[in-house]
Asker: 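There's a structure below that I have some questions on.
What's counted below: heavy atoms across the whole structure, side chains too, no hydrogens, waters or symmetry copies. Keep in mind the model is a prediction, meaning the values are calculated, not measured.
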There are 2 protein chains.
Amino acid sequence: MAFVVKKFGGSSVATPEKIYHLVDRVLAEKKPDDKIVIVVSAMGDTTDDLLALAGRITEHMPKREMDMLLATGEQVSIALLATAFMERGQKAISFTGFQAGIRTNASFTKASILEVNADRVKKALDEGNIVIVAGFQGITDEGDITTLGRGGSDTTAVAVAAGLKADICEIYTDVDGVYTADPRVVPNAIKLKEITFGEMLELARLGAGVMQPRAVEYGELTGTDIHVRSTFNRVEGTIIRGEYTMMEEKKFIIRGMASDSNVAKIAVRGVPDVPGVAYQIFDALAKENIAVDMIVQSASNVKEKNDIVFTVTKTDMADTVGVLEQLKGKIGFVRVDVEANVAKVSIVGAGMLGNPGVAARMFGALASEKINLDVISTSEITISCLIAKEDEKKAVNVVHRFFFPTEEK
Amino acid sequence: MAFVVKKFGGSSVATPEKIYHLVDRVLAEKKPDDKIVIVVSAMGDTTDDLLALAGRITEHMPKREMDMLLATGEQVSIALLATAFMERGQKAISFTGFQAGIRTNASFTKASILEVNADRVKKALDEGNIVIVAGFQGITDEGDITTLGRGGSDTTAVAVAAGLKADICEIYTDVDGVYTADPRVVPNAIKLKEITFGEMLELARLGAGVMQPRAVEYGELTGTDIHVRSTFNRVEGTIIRGEYTMMEEKKFIIRGMASDSNVAKIAVRGVPDVPGVAYQIFDALAKENIAVDMIVQSASNVKEKNDIVFTVTKTDMADTVGVLEQLKGKIGFVRVDVEANVAKVSIVGAGMLGNPGVAARMFGALASEKINLDVISTSEITISCLIAKEDEKKAVNVVHRFFFPTEEK
């Protein structure tokens, strides 16, 4: 008996035909005693359609109402999917986020799951149902509907799997696993059979689009294995887990690369060199839920002043500038420079811990193509470089070639 | 200070432009201290679009999933409406059925409201919000989403007004009040200033489309006055209340007429003349939630057998025949005849209690136009006649002319 949570994205339920295709695949693979929960997103373009509708009322929809609106998308798809299973003779039942017991905090439009109370899902499974759960949404203790932000369905799936103590959480995507780099950018990218939570988390955080970081985090936190696999075929994908079970998977020092051009560089110029200033800046940004990355502080060309440089996502760029402008009088910095035309290229691998010189090898690779490094940041298992956006593709390919010579494929 | 629940239908929120029109009207009429709750239906054709989508999955959607699907319609409109109020600078918040505390039984697709726990709505009003509540939907004690059936938003509005002990519940419709007959059918129909719950209930039950019977029932049960008025102008409409407050409103013996062609006549022929047979039939229909009307039992042309004739709504016709076919072996009747080409014409008025001869006057009116009566049924304040559908319009006009001579207008 397998006990699996399967997550399908919006394109898998975009039309009634695709819904039946999904149903038939799940039923073909299901053994009689299998317990199956399916987490699903909104149909195809539904979310975009709802956003367009909202845009006709206002350009700044209050976030609580935005979540009220967007949560309808998944509610439609779960009702249709459960119905399609029943049409095929399979007992099924749909649950919204609140019915599935997905408790979140009240950060509307980007809420975090606090806990999954899976009692009702468990009961429905025990009664022989395939249980269909709306991804992307939850409920606050006050009873308000929240959404987890785009792609939050992955997190829902992992959280539900954890709440149920399911064997594994399968994430169906348009790629058939996790590659050492994006195969659309690097044709020689290699598919991994396994990757650790820590590495995957870094890759996801750094822009490798396969998995949402929070979903991986939730997996790590709860020890829930995640199988990333293809919607289009039945090939084994990549399993994200606590540690490697296959020796051959450990041969590469680095495990993957990511690049991300949804970043903007913010430079706060001429910040007074007094204690607590950086705290003031980043605390104000944190209060607005703006995630900050690649922080570098350096001496300014103004005397006794520093420059504080960091990156944010492009979507947070305007908010960031707004927050900084409000602080300007209080802190007394000179100005804010914004540069959106950048990309962050990163390498990730737990193996670099025992292998000095990995950073040098990366810089060497970039230098060999005369690519200029703007900001560098490193963490235990990651090295990231901010470069000009037009060099992104070239950078990823040359670094990949240095770490994964084609012969090894 | 007024404390009002206002209900608007789907056409009032069909487009962003209409949403803002509604918002501007409400705000123009609002005094600073007024407490306002707005109950709203799904935008324009949303419900039909959702039904069409469901139809592409199956023609027989399980009712629980149907409600899961349909409830999204109102959830979209409340989010947009609350947002539009906020865009105009008015604090507002939207609540789904479950958030507004609308507890129902589990009769999916036609659930009944058991209770409204208005605590959260009250709190939001006290905080200065206009509160927007999704009509048509509620939640069972198990946490399942239900809908009240089409037009259920009227019931939501009255139930919320009752739960809040609001001063009045205003139902905005495409007519400007309750008329003695449908003005599209009877050009001389007279608008009533007041009507009692009992009379309105009979009219609604008999097919006068202005108000849902259950909404009126809820008003009567809880003593909540209901003001039926126009979406298009600010003219006073008709107030439905416990008793008349204006003497001139009592001058007519009957208060209104209704006709309904959404009925089918079911004749169970050759039913054995033994005790308990009628019980068996109507109990079985009740268990399927099929409402039965105009029951007549008469001797059959088969010896020691009876014919049992009754009407149901056309939508319940197929289910009714199904239930009867299942009983056939057990009861041993001869056959079931079904006639869908009928209409029920009714007159209603508490005044007929003290005025003998009202029925005769109605039959006389119909006879004057040579309209044949098929089944007759009467209640305390109602007389109904089943006639051929093609005579419907003629029948309504001649009866109206008899009871409301044009001179009196």
Asker: Under a 4.5 Å cutoff for heavy-atom pairs, which residue among A:Leu50, A:Leu53, A:Asp144 has the most contacts with chain B?
Answerer: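 Heavy-atom pair counts peak at A:Asp144.
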Asker: Is it the backbone or the side chain of B:Ile93 that comes under 4.5 Å from a heavy atom of chain A, or both, or neither?
Answerer: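 Both parts, backbone and side chain.
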Asker: Give a yes or no on whether A:Lys123 atom NZ has more than 12 heavy-atom contacts from other residues, nucleotides or ligands under 6.0 Å away.
Answerer: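 No, because the 6.0 Å sphere around NZ of A:Lys123 holds 12 heavy atoms or fewer from other groups.
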Asker: Do other residues, nucleotides or ligands put more than 12 heavy atoms under 6.0 Å from the NZ atom of A:Lys165?
Answerer: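 Open: at most 12 neighbouring heavy atoms sit under 6.0 Å from NZ of A:Lys165.
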Asker: Which value, rounded to the nearest 0.5 Å, describes the distance between A:Met86 atom CE and B:Met61 atom CE?
Answerer: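 Going from the CE atom of A:Met86 to the CE atom of B:Met61 covers 7.5 Å.
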Asker: Kindly state each residue pair satisfying side-chain hydrogen bond (donor to acceptor under 3.5 Å, both in side chains) with at least one member in residues 79-88 of chain A, sequence neighbours excluded.
Answerer: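 Qualifying pairs, neighbours excluded: A:Asp24-A:Arg88, A:Glu87-B:Thr58.
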Asker: Is B:Phe95 close to chain A through its backbone or its side chain, or both, or neither, when contacts mean heavy atoms under 4.5 Å?
Answerer: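 B:Phe95 touches chain A through backbone and side-chain heavy atoms alike.
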Asker: More than 12 non-hydrogen atoms from neighbouring residues, nucleotides or ligands closer than 6.0 Å to CD on B:Gln326, yes or no?
Answerer: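 Atom CD in B:Gln326 is not crowded, with 12 or fewer foreign heavy atoms closer than 6.0 Å.
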Asker: Is it the backbone or the side chain of B:Thr96 that comes under 4.5 Å from a heavy atom of chain A, or both, or neither?
Answerer: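 B:Thr96 touches chain A through backbone and side-chain heavy atoms alike.
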Asker: Specify the closest pair of heavy atoms between A:Ile145 and B:Gln75, including all atoms of both residues, with the distance to one decimal.
Answerer: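 Smallest interatomic distance, heavy atoms only, reads CD1-NE2, 3.5 Å.
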Asker: Please collect all salt bridge (charged side-chain N to carboxylate O under 4.0 Å, His left out) contacts where either partner lies in residues 9-18 of chain B, sequence neighbours excluded, each pair once.
Answerer: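 Matches after skipping sequence neighbours: A:Arg56-B:Glu17.
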Asker: With only heavy atoms counted, which part of B:Ile57 is less than 4.5 Å from chain A, the side chain, the backbone, both or neither?
Answerer: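 Answer is both: backbone and side chain atoms of B:Ile57 are under 4.5 Å from chain A.
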Asker: Given the options A:Met66, A:Glu142, A:His60, which has more heavy-atom pairs under 4.5 Å with chain B than any of the others?
Answerer: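 Option with the greatest count: A:Glu142.
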Asker: Under a 4.5 Å heavy-atom cutoff, which of A:Pro62, A:Gly143, A:Ser94, A:Ala54 has the most pairs with chain B?
Answerer: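 Most heavy-atom pairs under 4.5 Å with chain B: A:Ser94.
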Asker: Within this structure, what is the CD-CZ distance for the pair A:Gln99 and B:Phe98, rounded to the nearest 0.5 Å?
Answerer: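 Those atoms lie 8.5 Å apart.
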Asker: Is A:Ile78 in contact with chain B via its backbone, its side chain, both, or neither, using a 4.5 Å heavy-atom distance?
Answerer: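 For A:Ile78, heavy atoms of backbone and side chain both lie under 4.5 Å from chain B.
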Asker: More than 12 heavy atoms of other residues, nucleotides or ligands under 6.0 Å from CD of A:Glu59: is that the case?
Answerer: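 Count not over threshold, so no.
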